[in-house]
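Worksheet: one structure, shown below.
Heavy-atom basis, side chains included; hydrogens, waters and symmetry copies ignored. From a predicted model like this one, the values you see are computed outputs, not experimental measurements. Proteins get letters first, then strands, A, B, ... in listed order; numbering begins at 1 in each.
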2 protein chains.
Amino acid sequence: MTIRSADAERVRNISFFKQADDPTFARAMTGAFLQRFPANTTLLMEGDPVDFLYILLEGAVELGAGWKSKDTTLAILRPVSTFILAAVVLESDSLMSAVTLERSEILMVPGDSLRRSMKEDATFGFAVSEELAGCYRGLVRSIKNHKLRDSTERLANYLLTQRVRQGEKNTIVLPHEKRVLAALLGMTPENLSRAFSKLSDKGVSVEGAHVRFDNVAALERLARPTPLIDNHYAQDCNTKGKAFTERQQGLLDTKSD
Amino acid sequence: MTIRSADAERVRNISFFKQADDPTFARAMTGAFLQRFPANTTLLMEGDPVDFLYILLEGAVELGAGWKSKDTTLAILRPVSTFILAAVVLESDSLMSAVTLERSEILMVPGDSLRRSMKEDATFGFAVSEELAGCYRGLVRSIKNHKLRDSTERLANYLLTQRVRQGEKNTIVLPHEKRVLAALLGMTPENLSRAFSKLSDKGVSVEGAHVRFDNVAALERLARPTPLIDNHYAQDCNTKGKAFTERQQGLLDTKSD
DNA sequence: TGGTGAGCTTGATAAAAGTCAAGGTAACCG
DNA sequence: CGGTTACCTTGACTTTTATCAAGCTCACCA
């Protein structure tokens, strides 16, 4: 198997592999291999059969979809993220396309291995169910974000989420190009610019990828973040003493399918 | 246990219970009870802790969400459907509210029983994973439907889907009030009316809940249905010889969380 | 050093969807 | 049977978002 042990370690730390014991983990990884892709490589097109679970270890991947000459971005993934887990579980065709945005390293795990491990080890299977449930809830959040908020409100909440993740400082660095950010927030680059200028009222100033907050209270008054939509903490969280992961995802952020 | 055997039979036929053996099924149903609710009863509010898996046996339920005085419908469920499965698996709070639209019968299954069965029986656990994966894909379809199509296109595709499900006849009966249908399709009742009149070009005529199609070809030319968005067959389907269920759902139709 | 191009912004315009107000129809009920 | 009510439709208007067309900035490079 062509996997460096450092990579194996990172994969093991993914929520649903963490709970697997060693033999199950080894069996789930049977036939897995690491592959490197340049930027702008299409990994998967809509409708393609899905043979592997993809685990992004380095780089960035955009999940998208198109219809009648329109295109839309469904999620931008950053390491470490898995994608098309749902299609793997169902042995069905992909509903989205996947394209690298940067040079990326991706671990490809054969669907058969994963499904077999799930069927043999109920604990591991349950962990995958938790992962799928978390992904589902991420999409519910996305839909709420889109249907209940206008573009300026979505941007305001995105900025506040980034601020929390980057340590509650009064400046943040945008992790994507603005056109990518616009796609992620479901608007055109033009409207992203306009949304930023609407937020200057609320003490938001932008210079390149740097955003400064001079009046967080005013921004929060507009944004009204809520745990029922915004998942400020993308890492593991704790409920009833049991650790599990529920990632923010889909149109909001990182990690999908 | 207060469950009629006729109801037990219907529950057993739900995709992910069908695959369970009898002892597992019995264990998953430990402590389950049937409850009747009048119309317009709130079963669950956003943010409520979720203690039960809900299985709708009779009636209709709307799943919705709100923010800042706005409200939106995420799905309309019809029997037999489960809901808030994802929250049950994760033992977390509901991200959506659930309200009966009609007098309804609902089987409430304790979350503990379900989770325990999943952890004890890998086959059952895998079946739940398949269900969650199907739900996830239903939401992906919903998002694509919303982001890639305008309201008239969504209506056109909805009508074609109903036509397939109701037997490819040239008339169908709308299964919901128009205002409910509007919510389901993500538009206002006013715009639903306008969308219907835009479709009169394509041979669509409406009288009350009855819709007639006089030029299906023209309608399809506008609607351009695709299996990557529209799931015409809400029932079980077959892939690689193995039966599994992938329901259409979310904003498109029936069945959720 | 001056050109080239990608990314971003700005303004003008157009399309899509929501809002508000009025009216029509049909079922239900006193 | 007349009146109330819920639902649907229609028209005028507003808001939101997308589109198109310039321009601007800045890094990169011949």
Side-chain angles (χ1 to χ4, degrees), chain A residues 39-40 60 62 66-73 76 101-102 143 145-159 173-201 204-211 222 251, chain B residues 39-40 60 62 66-73 76 101-102 143 145-159 173-201 204-211 222 251:
Chain A
N40 296 311
E62 178 191 275
W67 181 76
K68 256 195 186 184
S69 82
K70 262 191 247 186
D71 277 290
T72 190
T73 297
I76 310 285
L101 290 175
E102 316 168 356
I143 293 176
N145 194 38
H146 269 279
K147 292 188 72 172
L148 295 169
R149 290 170 172 164
D150 68 24
S151 57
T152 307
E153 291 166 335
R154 289 200 297 276
L155 174 60
N157 278 289
Y158 175 84
L159 293 175
V173 179
L174 299 174
H176 311 287
E177 283 179 358
K178 291 217 183 78
R179 54 182 204 81
V180 174
L181 180 56
L184 192 64
L185 292 171
M187 57 181 120
T188 58
E190 291 95 323
N191 278 330
L192 177 62
S193 275
R194 292 189 252 268
F196 266 120
S197 53
K198 276 189 201 169
L199 292 183
S200 62
D201 286 38
V204 175
S205 44
V206 196
E207 222 180 283
H210 293 264
V211 179
L222 171 77
L251 313 191
Chain B
N40 296 312
E62 178 190 275
W67 182 75
K68 256 195 183 183
S69 83
K70 262 191 247 186
D71 277 290
T72 190
T73 297
I76 309 284
L101 291 175
E102 315 168 356
I143 294 176
N145 193 39
H146 268 279
K147 292 189 71 171
L148 295 169
R149 291 171 172 164
D150 68 24
S151 56
T152 307
E153 290 166 336
R154 289 199 298 276
L155 175 60
N157 278 290
Y158 175 84
L159 294 175
V173 178
L174 299 175
H176 311 285
E177 283 179 358
K178 291 216 182 79
R179 54 182 203 80
V180 174
L181 180 56
L184 193 64
L185 293 172
M187 56 181 118
T188 58
E190 290 95 323
N191 278 330
L192 177 62
S193 275
R194 290 178 190 120
F196 267 120
S197 54
K198 276 189 201 169
L199 292 183
S200 62
D201 287 37
V204 175
S205 43
V206 196
E207 222 180 283
H210 293 264
V211 179
L222 171 77
L251 312 191

Contacts of B:Thr72 meeting side chain to side chain donor-acceptor pair (under 3.5 Å) (sequence neighbours excluded), chain-then-number -> A:Lys147
By side-chain contact (heavy atoms from CB on, under 4.5 Å), B:Ala156 pairs with (sequence neighbours left out) B:Leu199, B:Leu219, B:Leu222, B:Ala223
Under-4.0 Å side-chain N/O to phosphate OP1/OP2 contact, A:Lys70 with D:dA18: no
note: B:Leu181, atom CG; D:dC8, atom P; distance rounded to Å ~ 9 Å
Could I get the full list of salt bridge (Lys or Arg N to Asp or Glu O under 4.0 Å) partners for B:Glu62, not counting sequence neighbours? none
Select base, sugar-phosphate, or nothing to describe what A:Ser197 touches, counting heavy atoms under 4.0 Å on all strands. nothing
Between P of D:dT17 and NZ of A:Lys147, the distance in whole Å: 15 Å
Under the salt bridge (Lys or Arg N to Asp or Glu O under 4.0 Å) test, residues paired with A:Glu177 that sit two or more places apart: A:Arg179
Rounded distance (Å) that lies between atom C1' of D:dT19 and atom CZ of A:Arg179: 18 Å
Going 5' to 3' along DNA chain C, which nucleotides are the first and last within contact of chain A (any atom under 4.0 Å from a heavy atom)? C:dG7 to C:dA12
Enumerate the protein-to-nucleotides 20-28 of chain D contacts in which both atoms are nitrogen or oxygen and the separation is below 3.5 Å.
from, atom 1, to, atom 2, distance (Å)
D:dC20, N4, A:Glu190, OE2, 3.1

A:Asp150: partners by side chain to side chain donor-acceptor pair (under 3.5 Å), with sequence neighbours left out: none
Can you tell me how far C1' of D:dT10 sits from CG of B:Asn191, to the nearest Å? 12 Å
Measure from NZ on B:Lys198 to P on D:dG11 and round the result to the nearest Å. 14 Å
Could you report the tightest heavy-atom contact between A:Leu185 and A:Arg154, atom names first, then the distance? O-NE, 2.8 Å
Residues in side-chain contact (heavy atoms from CB on, under 4.5 Å) contact with B:Ser197, at least two apart in sequence or another chain: none
Is any side-chain nitrogen or oxygen of B:Ser193 closer than 4.0 Å to OP1 or OP2 of D:dC8? no
List for me each residue that meets side chain to side chain donor-acceptor pair (under 3.5 Å) alongside A:Ser200, sequence neighbours excluded, and say none if there are none. none
Okay, side chain of B:Lys68, backbone of A:Arg149: is any donor-acceptor separation there less than 3.5 Å? no
Considering every strand and a 4.0 Å limit on heavy-atom distances, what is the contact class for B:Ser151: base, sugar-phosphate, or nothing? sugar-phosphate
At under 4.0 Å between heavy atoms, what does B:Asp150 touch on the DNA or RNA strands: base, sugar-phosphate, or nothing? sugar-phosphate
